[in-house]
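If you're wondering where the values come from, they're calculated on a predicted model, not measured in any experiment.
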Amino acid sequence: MELDTRTGGQTASSAFDLNNDNKYGNSDKLASGSVASGVKSTVGIAKSPTWLGSGASGASGASGTAVKELSGTTGNIMTVKNADPATAGSAVAPVRTYWKQIM
């Protein structure tokens with residue numbers, strides 16, 4: 001799942017390269033015209049992803065693209081390409097936050 005770190009809501013543009021062209025724009029929107037907020041896991045219940053930031057040239061070879069590697073309960077690994085906030089003008093570095101609900 002991806003969210004806008006300033007609002008806590010849906011991102012204004014796609015954070016996922018859904019058409020696999022190494023670009024993030026209108027062509028990565030859903031058929032409904034909405035922006036995808038998440039992708040379905042192909043590895044079962046996933047652990048915390050390993051985030052490989054793009055830097056200048058991109059972990060996947062495309063500038064502005066970061067890669068998340070997720071392992072899950074199936075024992076397999078899933079790769080997800082994301083727009084890298086470090087090169088997309090975001091002032092907020094990505095972090096994963098956890099919480100525990102106390103009844």
Just how far is it from atom CG of Leu30 to atom CG of Leu18, taken to the nearest 0.5 Å?
-> 6.5 Å
Between Gly44 and Ser41, which heavy-atom pair has the shortest distance, and what is it?
-> O-OG, 2.6 Å
Please answer: with hydrophobic residues joined when any side-chain heavy atoms are less than 4.5 Å apart, are Val80 and Ile77 in the same cluster?
-> no
Euclidean distance, Leu52 CG relative to Lys68 NZ, rounded to 0.5 Å = 11.0 Å
For the student: nearest non-hydrogen atoms of Met78 and Lys40, plus distance | CE-O, 3.3 Å
Can Glu2 and Val39 be said to form a side chain to side chain contact (heavy atoms under 4.5 Å, CB included), step by step?
-> CA-CA 9 Å; Glu2 299 290 327; Val39 293; over 6 Å; no
I would like to know whether Ser27 and Asp21 meet side chain to side chain contact (heavy atoms under 4.5 Å, CB included); could you show each step before the answer?
-> CA-CA 9 Å; Ser27 59; Asp21 67 352; 3.8 Å; yes
Could you tell me whether the side chain of Asn76 and the main chain of Val43 form a donor-acceptor pair under 3.5 Å?
-> no
Shortest non-hydrogen pair, Asn20 vs Lys81, comes out as OD1-NZ, 2.6 Å
Asn82 side-chain N/O to Ala15 backbone N/O, donor-acceptor pair under 3.5 Å = yes
Check for a donor-acceptor pair, side chain of Asp17 on one end and backbone N or O of Tyr24 on the other, with a separation under 3.5 Å.
-> no
Distance, nearest 0.5 Å, that separates NZ of Lys47 from CD of Glu69 = 14.5 Å
Could you tell me whether a side-chain N or O of Thr11 sits under 3.5 Å from a main-chain N or O of Ser14, the two making a donor and an acceptor?
-> no
Heavy-atom nearest pair, Met1 first then Gly38, reads SD-CA, 3.8 Å
If only atom types and distance count, is the side chain of Thr73 paired as donor or acceptor with the main-chain N or O of Ile45 below 3.5 Å?
-> yes
